[in-house]
Amino acid sequence: MNEPLKKPDPATAPESHSPKDRPEIIQLAGQLQQRTEEPPLASSGGSGIIPLVCPLIKDERGENYWFNGCVRYAMEALGEPDYDYWFFAGLTGDIFTQIYSFREDYEACAASDFLMGPDYALWVFARVGYDCTYVTEPQLLANRAHYLQKIMDSIDRGVPVIHCGWGVFVGYEDGGQTLLYLTRERTEPKRLALGTDRFIAEPIAPDEGQRSITFPVCDLIFVGEKTRQVPLAQLYREAFERLPAQLTIRTDDYIFGAEAFRAWADDIENGRISAPAPRGGDAAWWSNYSNYVCVLATNGSCCFRFLDKAMELNPDMAWLREVSALYKKMGDMWMHDKDCLEKLGGGFNVSAKTLGNPKKRARIVAKIRQFADCADEVLRILEKSGTKGLREPLKKPDPATAPESYNPKDRPEILRMAVEYTGSLRPLRALRSFQEAFEIFRLPACRAIGVEQIYKMGEGGEHAAAPQRDRVPRSEVWPILWALPKVIPEDNCIGWTCGWATEPNAFCYLVAVLCPAGTPVPEGCQYRDVPATEVAVGLWGEDMGKVIKRAKKQGYDTHYNDGGCCWNFELYLDAETKALPHGNQEWRWAVPVREAKKHRK
């Protein structure tokens, strides 16, 4: 089944392998969702814990951005001493970015909290040469046994699993029915029991005596294998190349950079944050006001380690001294100047009485706008230095297509960052439902495993393959196929159209899943081994001809004649199939391509 297959003749090929009427695939998603959940793994009494158990962060050092602490912890467990907390605080830009939320009582401690999602996690780990897999809580609940085993496997190899709350799973007991969870400055992990409606039973909250935070999701990040070594100097340089993009992000929900200061000042001035105190008492004061003081104080006091290291590794970046001076100025404006924010009553000591006084409120607003002026100057220096900031505004996320999480799926700025700054194509597993940007991906060597049917030309017209697509999801083998490991982490299946090698005037069609190379083939299934290649993935609902035209515009040609690449496939992502888009074409076309310039004679 592995010999090269002939390219279908577009002039004679029917539409039988790509009909638009695909109700059985749409129904499949619903059927699978409604299936009885897999029972948790039986308790075996097994346990395991990572040897490294230490605090994620140290508050007294200004380590206030928890995601950076989680990634630092993972890197320390993997033996990467260069990738410490401050490295990630600078790489993500958290330590340089003022934030502001337009949503009342919504607390995020750093820019990375707002940006977090599958694409962002992939981008962060790709920068340091590591693979990762982002799994949402709905995915966890849909396949508990699989992901619980994945958690235990990661812990057994000494790698923590990052919980997007923020914390890390560092151990398990009772065969995985109890997970050991480390957060904040804890030196001993908490014990968390598995839940039913939620993946973990009890809410994740800070230690007793700390302000209460309720995290809305239990999304997880699994750290994968190291894929490349990136020069440290390059990583520090690239952090500033992408920073202008982050300092100019604005959505309907949040805003970053200089304009974050101005939006904050405007809301104080117009009474959104004023006497009487916001609903919720002290907790609301923190999320609506003090949190932003914490961010400016942290950035104005703690960014210098990253700046100094960047200049040490890149002597030509001496202009960062100007940036350093501006952040020091902001630190002084917060705490040390004679008219600093704290002395004006607008810092951590803020009160409803102070903001209710028109004169005091006006002085606080004016001071916050001075912070904005400093942030403007930082941006000017970064842009003048020749950095490559991408400053296109974000589109407003569509609630109808948002994932079952707190992260919008339409994140063009993260996609642009990944493509622009990794210097290579993204892997196909980075594709997410509802992506609106055409992209060429890297497809690793893999195996398409499914149930095959051979169709002769002219038999059945455009619906020739419909019985196959209707039969396979209802067959006994389908749950086995669905449980196989997938190259793309989202729930998906493919309609794999390939060759004419078995008999004249016929084509093969597999209802299948894309699995890692070498995946064992279940009894009763067929497979195709696929070599590593670039693959053009079309926009949701577009035909294959449009995909090929878009690829050519980007300098790529199809290469059906290469061994193992005589195929196209329809890619069905679960969330898209449920949405019935674009005239009921719920799939994306994927076509093998290669750079044209490398193969021209």
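Quick note: residue numbers are just sequence positions, from 1.
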Between [atom1] of [X] and [atom2] of [Y], what distance do you get to the nearest 0.5 Å?
X: Ser154; Y: Leu220; atom1: OG; atom2: CG; answer: 10.0 Å
X: Leu428; Y: Cys446; atom1: CG; atom2: SG; answer: 8.0 Å
X: Leu379; Y: Lys384; atom1: CG; atom2: NZ; answer: 13.5 Å
X: Tyr254; Y: Leu115; atom1: OH; atom2: CG; answer: 5.0 Å
X: Ile440; Y: Glu534; atom1: CD1; atom2: CD; answer: 8.5 Å
X: Trp589; Y: Met544; atom1: CH2; atom2: CE; answer: 5.0 Å

Taking all atoms of both residues into account, what is the closest heavy-atom pair of [X] and [Y], and its distance?
X: Val323; Y: Ile381; value: CG2-CG2, 3.9 Å
X: Ala590; Y: Val535; value: CB-CG2, 3.8 Å
X: Thr97; Y: Ala111; value: CG2-CB, 4.0 Å
X: Leu514; Y: Phe569; value: CD1-CZ, 3.9 Å
X: Ala517; Y: Ala445; value: CB-O, 3.4 Å
X: Leu481; Y: Val513; value: O-CG2, 3.7 Å

Asp316: partners by side-chain hydrogen bond (donor to acceptor under 3.5 Å, both in side chains), with sequence neighbours left out = Arg237

Arg594 bridged to Asp557 by N-O distance under 4.0 Å | no

Does Lys549 pair with Glu542 as a salt bridge, N-O distance under 4.0 Å?
->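 Salt bridge flag = no for Glu542 with Lys549.
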
Between [X] (side chain) and [Y] (backbone), is there a donor-acceptor pair under 3.5 Å?
X: Asp219; Y: Glu137; value: yes
X: Arg228; Y: Gly129; value: no
X: Arg588; Y: Gly538; value: yes
X: Asn314; Y: Ala233; value: yes
X: Asp113; Y: Ala110; value: yes

Given Ile255 and Ile249, is the side-chain contact (heavy atoms from CB on, under 4.5 Å) satisfied, shown in steps?
-> CA-CA 6 Å; Ile255 187 169; Ile249 286 176; over 6 Å; no

Please examine the side chains of [Y] and [X], heavy atoms only from C-beta on, and report whether any two atoms are closer than 4.5 Å.
X: Lys546; Y: Phe438; result: no
X: Thr558; Y: Ile548; result: yes
X: Arg447; Y: Val521; result: yes
X: Val124; Y: Leu122; result: no
X: Leu148; Y: Lys150; result: no
X: Cys164; Y: Ile221; result: yes
X: Gln98; Y: Phe256; result: no
X: Phe125; Y: Val223; result: yes

Side-chain donor-acceptor contact under 3.5 Å, [X] with [Y]:
X: Glu452; Y: Tyr527; result: no
X: Tyr134; Y: Gln139; result: no
X: Ser112; Y: Asp94; result: yes
X: Arg550; Y: Gln554; result: no

What about the rings of Phe199 and Tyr147, do their centers lie closer together than 6.0 Å?
->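 Ring centroids of Phe199 and Tyr147 are no less than 6.0 Å from each other.
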
Phe67 meets the ring-ring contact (aromatic ring centres under 6.0 Å, His included) criterion, sequence neighbours left out, with Trp166

With sequence neighbours excluded, residues passing ring-ring contact (aromatic ring centres under 6.0 Å, His included) with Tyr236 |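 Tyr236 satisfies ring-ring contact (aromatic ring centres under 6.0 Å, His included) with Phe87, Phe306 only.
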
Could you give me the CA-CA distance, side-chain angles and deciding distance for Ile151 and Phe222, then say whether side-chain contact (heavy atoms from CB on, under 4.5 Å) is met?
-> CA-CA 8 Å; Ile151 291 171; Phe222 293 90; 3.8 Å; yes

Stepwise, does the side-chain contact (heavy atoms from CB on, under 4.5 Å) test hold for Leu91 with Tyr83?
-> CA-CA 10 Å; Leu91 186 73; Tyr83 303 150; over 6 Å; no

Could you check whether the rings of Phe96 and Phe240 sit parallel, tilted or perpendicular, using 30° and 60° as the cut-offs?
-> tilted

Show your working on side-chain contact (heavy atoms from CB on, under 4.5 Å) between Phe441 and Val593 and close with a plain yes or no.
-> CA-CA 10 Å; Phe441 291 93; Val593 295; over 6 Å; no

